[in-house]
A.B. asks: 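If you scroll down you'll find the structure; I have some questions about it.
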Protein chains: 2
Amino acid sequence: MTVSRVVNGTGRVSEATRQRVRKAIDDLGYQPNQLARSLTQGRTRTIGIVVPDITNPFFPEIVRGAEDAAWAAGYTVALANAVEDQARERAALRNLAGHRVDGVIVCSPRLPDHELTDLLAAHPAAVLVNRKVHGAPAVSLMVDDLLGAHLAVGHLLGRGRTRLALLGGPDRSASAKYRREGFLAAMREAGVGVNEALLTHCEPNEEAGYEAATRWAQAKGGAPFDGIVAYNDLAALGAVRALNAAGLRVPEDVAVVGCDDIRMASAVAPSLTTLRIEKYGLGRLAVEMIFALQRGRKPADKTFAPELIVRESAP
Amino acid sequence: MTVSRVVNGTGRVSEATRQRVRKAIDDLGYQPNQLARSLTQGRTRTIGIVVPDITNPFFPEIVRGAEDAAWAAGYTVALANAVEDQARERAALRNLAGHRVDGVIVCSPRLPDHELTDLLAAHPAAVLVNRKVHGAPAVSLMVDDLLGAHLAVGHLLGRGRTRLALLGGPDRSASAKYRREGFLAAMREAGVGVNEALLTHCEPNEEAGYEAATRWAQAKGGAPFDGIVAYNDLAALGAVRALNAAGLRVPEDVAVVGCDDIRMASAVAPSLTTLRIEKYGLGRLAVEMIFALQRGRKPADKTFAPELIVRESAP
DNA sequence: TTGTAGGCGTTATCAG
DNA sequence: CTGATAACGCCTACAA
């Protein structure tokens, strides 16, 4: 008990014994066992983060923001990659619950609503990034996908591009759904027709973007499109490469708008017009919301407004 | 006890009670407490990973490789960002020890040898990436920095570039030191003189690369250099941008070689000549070595040979 | 100021 | 086949 008091700086301990304890701790290399501590206190000071894929440059910044905020409060982060896979996402959430994390941050979950609701219920606090689940015991941090889609479509239409293609995200992604809706709404509002053949789903990576754009470019009759709105920057990059490979110039023949503003977006040629999202701040806020939930408060959902960054791919 | 036996599938339990237990588990939403389990078993099935900065694209692939391997074995990963900061690296290592992780993987540690040795001693198993510490209780996974430097320098010299600059890494980084030695050795072996003013340290990011290259480019008397060997691709990218801003063309006026072959390297313009390192496999192997250490084996250190990828920045 | 008892949730071990 | 007991390392609550 006396050691416990010295280590935690709680209660009264005479200076003499305090010294003795300190010395013993040094001599023995004693490290308090956080497991035992957690077991009695009922909290682990650990926050779980689930991401679809840490090698997607969108997520490291979120994770970094979260880790910095967690660290500042003396918390540790447990990371899980869902690998864009429902089964693994489910297992990750269960696993974290077994480890009794004090809260989970789930980025872009792919699980259906009801299942997500159940899984989150096993956690003392939960924050959803890029997903809103009605009735789920979680706070949501959203990106305004509708606005984003309107910004992208509006920009392209304003530049005289009217035959627009949508390189949508994974069909189980919520943000992919919202952005698709935004895309269609913006087109409708502008009174511009949509070519169904130019709406597609794809995984959020370069390869998938390449393949999808290649299919379009190779459709007979030349390019029936002069603009692409992509789900994320990786897919956009793949599309640009595919267009170039097919002999189409970006932006002269086809303008491309990405999303996320990953670092690569400004470094590639042509540099990518994209929607910027404040990833680091989003990660920080997610952790702060976990803390708020711990204190019994239920913070309101927050929506981040994307900002259109105009670069060479769609000037 | 019976529940324990059912959950773990150990010992003999009658089919009838097994059913009853299963049902109760479902009804109650029971989740075994891993903390308690770890406390009795003396192992957490968790592996700690410390990286300097997860937003540096070099590390997510390593982390992903490690996580995949850990996951396959039923292990969880705890991530810590050292933020290129010794104090935080130290604290992270201690923190993970407090959490009784079964092993740590420390990527590119910046702490001095003796301190690292002490810190690692507190862990049941440790793998060092990009660092060899004599006498430390850890297996090292190295990149052959000497070879890498020779490849880079050899390539540039072979193309007739002789006034080479070294954009070295952080002065506390071990690989930065090895690469610097390799650079000097390669130059010496080729009988080419080195301009001391063209050797510098910099943080492993784009901004630092930009600043360093700007200083060189603005040195009076025009460009006294026609080639740059950079610590990593981020720094190389910054250098390319700086050179362009200073009115120098890459590769015509100055050729640039990076290191790591991050995805961005092939996407930027000019695309980056660089040294490829098998990051994902390295991460996987690190975890496998932790497992080997757990079984009481001490695997030999392994060195990964970088591969020169020739692209536009130094054709 | 210091120490004792009890319990957190699990498993190893031994008894029925 | 099933259950009782003790222990893992720590902290809360209550003595001394």
Side-chain angles (χ1 to χ4, degrees), chain A residues 1-46 48 73-76 78 93-104 121-125 294, chain B residues 1-46 48 73-76 78 93-104 121-125 294:
Chain A
M1 253 333 286
T2 301
V3 173
S4 174
R5 279 189 274 256
V6 172
V7 168
N8 297 301
T10 114
R12 324 207 140 280
V13 183
S14 80
E15 191 51 35
T17 44
R18 188 192 311 279
Q19 302 278 342
R20 279 201 302 147
V21 171
R22 287 258 164 73
K23 175 147 175 18
I25 287 178
D26 277 2
D27 292 350
L28 303 172
Y30 168 77
Q31 275 278 357
N33 186 325
Q34 301 293 342
L35 299 170
R37 199 191 291 239
S38 298
L39 198 56
T40 53
Q41 299 196 329
R43 61 168 184 180
T44 51
R45 294 186 162 276
T46 299
Y75 277 65
T76 300
L93 247 13
R94 271 208 250 275
N95 184 33
L96 290 172
H99 281 278
R100 297 295 189 270
V101 294
D102 293 338
V104 273
H123 289 271
Q294 284 185 331
Chain B
M1 252 336 285
T2 301
V3 173
S4 174
R5 280 190 273 256
V6 172
V7 168
N8 297 299
T10 110
R12 324 208 141 278
V13 183
S14 78
E15 191 50 33
T17 43
R18 189 193 310 280
Q19 304 277 342
R20 280 202 301 146
V21 171
R22 286 259 165 71
K23 173 144 174 26
I25 286 180
D26 277 1
D27 292 350
L28 303 170
Y30 167 78
Q31 274 279 354
N33 187 326
Q34 301 293 342
L35 299 170
R37 197 191 292 239
S38 298
L39 197 57
T40 53
Q41 299 198 328
R43 62 168 183 180
T44 51
R45 294 186 163 276
T46 299
Y75 276 65
T76 300
L93 248 11
R94 272 207 249 276
N95 184 35
L96 291 172
H99 280 278
R100 298 294 189 271
V101 293
D102 292 339
V104 274
H123 289 272
Q294 284 184 332

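Note on naming: letters A, B, ... go to the chains in the order of the sequence lines (proteins, then strands), and numbering restarts at 1 for each one.
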A.B. asks: Would you indicate whether the side-chain heavy atoms of B:R37 and B:V7 approach each other to under 4.5 Å?
C.D. replies: yes
A.B. asks: Listed by chain and number, what are the side chain to side chain contact (heavy atoms under 4.5 Å, CB included) partners of A:T40, not counting sequence neighbours?
C.D. replies: none
A.B. asks: In whole Å, I'd like the distance from the NE2 atom of A:H99 to the P atom of C:dT10.
C.D. replies: 13 Å
A.B. asks: Does atom CZ of A:R18 have more than 12 heavy-atom neighbours from other groups under 6.0 Å away?
C.D. replies: yes
A.B. asks: Send over the distance from B:L28 CG to C:dG9 C1', rounded to a whole Å.
C.D. replies: 15 Å
A.B. asks: Is the shortest heavy-atom distance from the side chain of A:R94 to the side chain of B:Q31 under 4.5 Å?
C.D. replies: yes
A.B. asks: Give every pair of a protein N or O atom and an N or O atom of nucleotides 1-3 of chain C that lie under 3.5 Å apart, one pair per line with the distance.
C.D. replies:
residue : atom : partner : partner atom : Å
C:dT2   : OP1  : A:S14   : OG           : 3.0
C:dT2   : OP1  : A:T17   : OG1          : 2.9
C:dT2   : OP2  : A:S14   : N            : 2.8
C:dT2   : OP2  : A:T17   : OG1          : 2.9
C:dG3   : OP2  : A:T2    : OG1          : 3.1
C:dG3   : N7   : A:R5    : NH2          : 2.8
C:dG3   : O6   : A:R5    : NH1          : 3.4

A.B. asks: With side chains defined as the heavy atoms from C-beta onward, is the minimum distance between B:Q19 and B:E15 less than 4.5 Å?
C.D. replies: yes
A.B. asks: Decide yes or no for B:T17 and B:V6: does some side-chain heavy atom of the first lie under 4.5 Å from some side-chain heavy atom of the second?
C.D. replies: no
A.B. asks: Starting from C1' on C:dG9, measure out to CZ on A:R43 and report it in whole angstrom.
C.D. replies: 19 Å
A.B. asks: Is there side-chain contact between A:T46 and B:H99, with heavy atoms separated by less than 4.5 Å?
C.D. replies: yes
A.B. asks: Could you tell me the separation between the CG atom of A:L35 and the P atom of D:dC11, rounded to a whole number of Å?
C.D. replies: 12 Å
A.B. asks: Can you check whether B:N33 has a side-chain N or O nearer than 4.0 Å to OP1 or OP2 of C:dC8?
C.D. replies: no
A.B. asks: Answer whether the closest heavy-atom distance between the side chains of B:Q294 and B:D102 falls below 4.5 Å.
C.D. replies: yes
A.B. asks: Please give, in whole Å, the distance from C:dG9 P to A:R37 CZ?
C.D. replies: 18 Å
A.B. asks: Please tell me which of the listed nucleotides, C:dT11, D:dC10, C:dG9, lies nearest to the side chain of B:Q41?
C.D. replies: C:dT11
A.B. asks: How close or far is atom C1' of C:dG9 from atom CG of B:N8, stated in whole angstroms?
C.D. replies: 13 Å
A.B. asks: How many angstroms lie between atom CZ of B:R22 and atom CD1 of B:I25, to the nearest 0.5 angstrom?
C.D. replies: 7.0 Å
A.B. asks: Rounding to 10°, can you tell me the angle the first-five-pair axis of the helix from C:dT1-D:dA16 to C:dG16-D:dC1 makes with its last-five-pair axis?
C.D. replies: 40°
A.B. asks: A:Q31 CD to D:dC10 P: how many Å, rounded?
C.D. replies: 10 Å
A.B. asks: I want to check one thing: is the phosphate of D:dA7, taken as OP1 and OP2, less than 4.0 Å away from some side-chain N or O of B:T40?
C.D. replies: no
